[in-house]
A.B. asks: 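One structure follows; several queries about it will come next.
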There are 2 protein chains.
Amino acid sequence: MPNSDRISKPTGRRMSLYLRVLHSRIDQANAAISSKELGAQTGVKDAQVRKDLACFGSLGRPGVGYGVSELHNQLRKAMGMDQTWKTVLVGTGNIGRALLAYPRFRNEGFDFAAAFDQDKKAVGKRISGLTIQSMDELKRTVKKSSALIGLIAVPPAAAATVAQMLVDAGIRGILNFAPVRLHLPQGVAVVNVDFTDALEQLAFEIRLVKADVKVVK
Amino acid sequence: MPNSDRISKPTGRRMSLYLRVLHSRIDQANAAISSKELGAQTGVKDAQVRKDLACFGSLGRPGVGYGVSELHNQLRKAMGMDQTWKTVLVGTGNIGRALLAYPRFRNEGFDFAAAFDQDKKAVGKRISGLTIQSMDELKRTVKKSSALIGLIAVPPAAAATVAQMLVDAGIRGILNFAPVRLHLPQGVAVVNVDFTDALEQLAFEIRLVKADVKVVK
DNA sequence: GATTGTGAAGAGCTTCACAGCT
DNA sequence: AGCTGTGAAGCTCTTCACAATC
């Protein structure tokens, strides 16, 4: 009996991990993989893996495991990876350019439809196959492209304004690289990627390890 | 009575947020800030803020709040931000170069001591004030610089090897940008930053929102 | 009156353990 | 024998609520 009331956030995060493992085994599509094996590859306990996968109903066969190909398809569908997500980028500085060039995005179904920059000197230049557009064109271009995802890679001071522009243009989710908490209306999702936060987190954990006699898990 | 048994990971993550708010108020160093205000700025409930801050003992004054300057100092110390962290970068592709140029790292106490690349054609070039070194020099340079943090910005296939080299050289923490789960000995901390994971997460949340009649928090 | 610090309740996530299937 | 699916137990983090303090 399916357990798909609602997929929790922790479960969603782990789904990405499982997906990565399955992706690396597409060549063995007909083979089976056990929850134990999936767990070992992702650092997740086997019982947890089974609980997570139970969201889709009973895909596994006792004594055997999960069909790689079948599970891969189900997971892709559940995570929304069975479609192409039109995506736009705002901010073509160092980070923005690196993101545009990042090869895995396209492979995973994220397709950049446009790139924007406030700097008039950047507008018109081509990077990674896109011509940088001015902010004035944002709303029209986004609507026309029906992009649902926006990446914000602008300085902190500009992030809030840009976020509002994206929302007004109909964007449904923002991947935010600016070190700022965005206030967005309900119905618009945000995921933050903050390099400084990440480094601080690391420094914090190093201190934990050094401070303790016993190492903290 | 202090509650500093052990600072949990969720608490640690929020500390970064508080720190950011306090940082933006250094000009009002003598003023006070309440848990409610700190919470509003960071999206955290006030009771949670107080619980988190109670780790340092009783810094707050009932009816008033927390001294901005005092709290800032305590937090910086607790998060290990009262020192300079010597840091090295491996991989000087698009992402690596963007990280080296990221201005906030230096501001927050992270100091790049060296950059390495496997590509012989890159070695010797200067980026952001550093001369790219070959991998052969990694161990010696890292030991000499006494760097504790390593950033991995290399292709997935190379990440595990690089991680091992960093650990052998005495690194205590790794910020990993490669989409790979690193297996490291106890005592070495890892924080992963995976752009594709983040985007997948976002796509997943957008789907949640669209699927539901009621919006999920 | 405003705000802290905190015990207790609540919610959510993880792990255990085992019946049941192949 | 091996493995799944899952109820129940265990654990951790969050929220509530209020006495104590300024």
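Every chain is numbered from 1, with letters handed out A, B, ... down the list of sequences. Heavy-atom basis, side chains included; hydrogens, waters and symmetry copies ignored. For clarity, every value in this text was computed on a predicted model and none was experimentally measured.
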A.B. asks: Looking at C:dG5, I'd like to know if its phosphate oxygens (OP1 or OP2) sit under 4.0 Å from a side-chain N or O belonging to B:Y66.
C.D. replies: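 Yes, B:Y66 has a side-chain N/O under 4.0 Å of OP1/OP2 on C:dG5.
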A.B. asks: Please report, rounded to the nearest Å, how far the P atom of C:dT4 is from the CG atom of B:L53.
C.D. replies: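 Going from B:L53 (CG) to C:dT4 (P), I get 9 Å.
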A.B. asks: Given 3.5 Å as the limit, does a donor-acceptor pair link the side chain of A:T42 with the main chain of A:L38, or not?
C.D. replies: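 Yes; judged by distance alone, with no hydrogens or angles, the pair exists.
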A.B. asks: Picking from C:dG5, C:dT14, C:dT15, which would you name as closest to the side chain of A:K45?
C.D. replies: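 Looking only at heavy atoms from C-beta outward on A:K45, the closest nucleotide is C:dT15.
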A.B. asks: Nearest whole angstrom, please: distance from the P of C:dT4 to the CG of B:L71.
C.D. replies: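 Whole-Å distance recorded here is 11 Å.
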A.B. asks: Please examine the side chains of B:L99 and A:N94, heavy atoms only from C-beta on, and report whether any two atoms are closer than 4.5 Å.
C.D. replies: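 Heavy-atom side-chain distance check fails, nothing below 4.5 Å.
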A.B. asks: Parallel, tilted or perpendicular: which describes the rings of A:F177 and B:F195, with under 30° parallel and over 60° perpendicular?
C.D. replies: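 Taking B:F195 first and then A:F177, their aromatic rings stand perpendicular (interplane angle over 60°).
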A.B. asks: Which part of the nucleic acid, if any, lies within reach of B:R14 when heavy atoms closer than 4.0 Å are counted: base, sugar-phosphate only, or nothing?
C.D. replies: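 Sugar-phosphate only.
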A.B. asks: Is there a side-chain contact between A:V188 and B:I206 (heavy atoms, below 4.5 Å)?
C.D. replies: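 SC-SC contact between A:V188 and B:I206 ruled out.
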A.B. asks: Can you check the B:D46 CG to C:dT3 C1' distance for me, whole Å?
C.D. replies: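 Rounding to the nearest Å, CG of B:D46 and C1' of C:dT3 are 9 Å apart.
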A.B. asks: Where along residues 16-39 of chain A does a heavy atom fall under 4.0 Å from DNA chain D?
C.D. replies: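 Here the set is A:S34, A:S35.
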A.B. asks: Any side-chain donor paired with an acceptor under 3.5 Å for B:S16 and A:E200?
C.D. replies: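 Per modelled atom types, B:S16 and A:E200 side chains form a pair under 3.5 Å.
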A.B. asks: Take A:T84 and A:F110 through the test side chain to side chain contact (heavy atoms under 4.5 Å, CB included) and record every step on the way to the result.
C.D. replies: CA-CA 6 Å; A:T84 298; A:F110 297 98; over 6 Å; no
A.B. asks: I'd like to know if A:D168 and A:K139 make a salt bridge, using a cut-off of under 4.0 Å between side-chain N and carboxylate O.
C.D. replies: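 No.
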A.B. asks: Across the strands shown, which category fits A:T11 at heavy-atom distances under 4.0 angstrom: base, sugar-phosphate, nothing?
C.D. replies: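 No contact.
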A.B. asks: Ignoring hydrogens and angles, does a donor from either the side chain of A:K51 or the base of D:dT6 sit under 3.5 Å from an acceptor on the other?
C.D. replies: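 Checked by distance alone, the answer is no.
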A.B. asks: Between the main-chain N or O of A:K143 and the side-chain N or O of A:S146, is there a donor-acceptor pair closer than 3.5 Å?
C.D. replies: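 No, the answer is negative, given that no donor and acceptor are paired below the 3.5 Å cut-off.
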A.B. asks: Ring-plane angle category for B:H23 and B:H72, please: parallel below 30°, perpendicular beyond 60°, tilted otherwise.
C.D. replies: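 If you compare the ring of B:H23 with that of B:H72, the planes turn out tilted.
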A.B. asks: Would you mind reading off the distance between A:F56 atom CZ and D:dG5 atom P, rounded to a whole angstrom?
C.D. replies: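 Distance, rounded to whole Å: 12 Å.
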A.B. asks: Report, one pair per line, the protein and nucleotides 17-22 of chain D atoms (nitrogen or oxygen only) whose separation is under 3.5 Å.
C.D. replies:
residue, atom, partner, partner atom, Å
D:dA17, N6, B:R50, NH2, 3.4
D:dC22, O4', B:P62, O, 3.2

A.B. asks: Can you check the B:Q48 CD to C:dG7 P distance for me, whole Å?
C.D. replies: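 Rounded to whole Å, this separation is 16 Å.
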A.B. asks: Nearest-Å distance, CG (A:D52) to C1' (D:dG5)?
C.D. replies: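 Rounding to the nearest Å, CG of A:D52 and C1' of D:dG5 are 13 Å apart.
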